[in-house]
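In what follows, a structure is listed as structure tokens, so that the remarks can point back to it.
Reminder, nothing fancy here: chain letters follow the sequence lines and each chain counts from 1.
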Amino acid sequence: MVSAPSPLYRRIYSVAAQIPAGRVASYGQIARIAGCGARVVGYAMAALPAGGDIPWHRVINSRGMISPRADGDTARQRRLLEAEGLRFDRAGRLDLAAVGWAGPAWDWLEANGMAP
DNA sequence: CGCATGACCCAGG
DNA sequence: GCCTGGGCCATGC
């Protein structure tokens, strides 16, 4: 048996579950919505059960990079994101302005009716 | 209840 | 652009 996550963790998971495919959100962004510290979001992700329905791979740090995970398998997260059409630059970073959840560039496109 | 740990963030040099 | 130090706060022993 597995013990149920705390209410705070469920809020964090609930927020993460709403990130659309093809976009990413930072820990701090989720933390602000869930009402907790950014560090707690990372802690919640580390405690996430494998095989769940939470798109944990769409959660990255504020620099647009994949944070070193407890499992150490950052390559898997990168493959999952690339499978959704995301592109990493030479430094292994994503363009948050373009693919960030409600990023400025995306907002501009929507405001002008140019969003896909 | 104190202490250590951690998939973070921001400001400064 | 990189590295450093401080702040953040829940969880487990």
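Between Thr74(A) and Ser67(A), the shortest heavy-atom contact is CG2-O, 3.8 Å. Taking every heavy atom of both residues into account, Trp101(A) and Pro20(A) meet most closely at NE1-CD, 3.4 Å. The shortest non-hydrogen separation linking Leu81(A) to His57(A) is CD2-O, 3.3 Å.
Leu8(A) comes within 4.0 angstrom of the backbone, heavy atoms only, and of no base. Within the nucleic acid shown, Thr74(A) has no heavy atom closer than 4.0 Å to any nucleic acid atom.
With sequence neighbours excluded, the residues that form a side-chain contact (heavy atoms from CB on, under 4.5 Å) with Arg79(A) are Ala75(A), Arg76(A). Not counting sequence neighbours, Ala50(A) has no partner by the side-chain contact (heavy atoms from CB on, under 4.5 Å) test. Listed by chain and residue number, nothing satisfies the side-chain contact (heavy atoms from CB on, under 4.5 Å) test with Ala83(A) (two or more places apart in sequence, or in another chain). Remark: Asp89(A) pairs with Arg93(A) by the salt bridge (Lys or Arg N to Asp or Glu O under 4.0 Å) rule, at least two apart or across chains.
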Next item on the list: Sugar-phosphate atoms are those with a prime plus P, OP1 and OP2; base atoms are the rest. Using that split, label each nucleotide of nucleotides 7-13 of chain B B, S or - for protein heavy atoms under 4.0 Å, 5' to 3'.
Entry: BBSS---
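If you check residues 78-87 of chain A against DNA chain B, you find no residue with a heavy atom closer than 4.0 Å.
Here the P atom of nucleotide dC9(C) and the OH atom of Tyr9(A) are 15 Å apart, to the nearest Å.
Side-chain N or O atoms of Gln77(A) include none that pairs as donor or acceptor with a backbone N or O of Asp73(A) at under 3.5 Å.
For the C1' atoms, the distance linking dC13(C) with dA7(B) amounts to 22 Å, nearest Å.
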